[in-house]
Amino acid sequence: MAKGMSSEARKNDTREKIELGGLIVKAGLRYEKRALLLGLLIDAAKRTKLNEAERARLTTIGADAFGHDGE
């Protein structure tokens with residue numbers, strides 16, 4: 001957290017982190033090691049920067065997953 005963040009900025013930062021953690025749970029990865037999770041995310045970031053089709057494919061998978069629980 002950056003020094004000098006306002007109370008509202010800290011709340012927003014915390015909320016965002018909680019929501020991102022929720023995605024890990026939603027993906028069924030709650031009990032995986034942190035190193036694996038970070039590796040997955042780094043790999044996906046690289047692949048989606050280089051390949052628009054892969055980005056679209058993964059976006060569709062995620063959108064479908066959100067659709068199954070009303071989010």
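If you're wondering where the values come from, they're calculated on a predicted model, not measured in any experiment.
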For [X], check side-chain contact (heavy atoms from CB on, under 4.5 Å) against everything at least two apart and list the hits.
{"X": "Glu52", "result": "Arg55"}
{"X": "Thr60", "result": "Asp64"}
{"X": "Ile61", "result": "Arg57, Leu58"}
{"X": "Ala56", "result": "none"}

Checking one residue: [X]. Which other hydrophobic residues are in its cluster under the side-chain 4.5 Å linking rule?
{"X": "Tyr31", "result": "none"}
{"X": "Leu29", "result": "Ile24, Leu36, Leu37, Leu40"}
{"X": "Val25", "result": "none"}
{"X": "Leu38", "result": "Ile42"}

task: Please list, chain by chain and in numerical order, all residues satisfying side-chain hydrogen bond (donor to acceptor under 3.5 Å, both in side chains) with Asn12, sequence neighbours excluded.
output: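 With neighbours one apart ignored, the set is Arg15.
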message: Could you measure the distance from the CD1 atom of Ile18 to the CG atom of Asp13? Nearest 0.5 Å is fine.
response: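 Nearest 0.5 Å value for the CD1-CG distance: 10.0 Å.
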message: Minimum heavy-atom separation for Met5 and Arg10, please, with both atom names.
response: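 Taking Met5 first and Arg10 second, the nearest heavy atoms are O-NH1, 2.5 Å.
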Selection residues 27-45 - residue pairs positive for salt bridge (Lys or Arg N to Asp or Glu O under 4.0 Å), sequence neighbours left out: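 Qualifying pairs: Asp43-Arg47.
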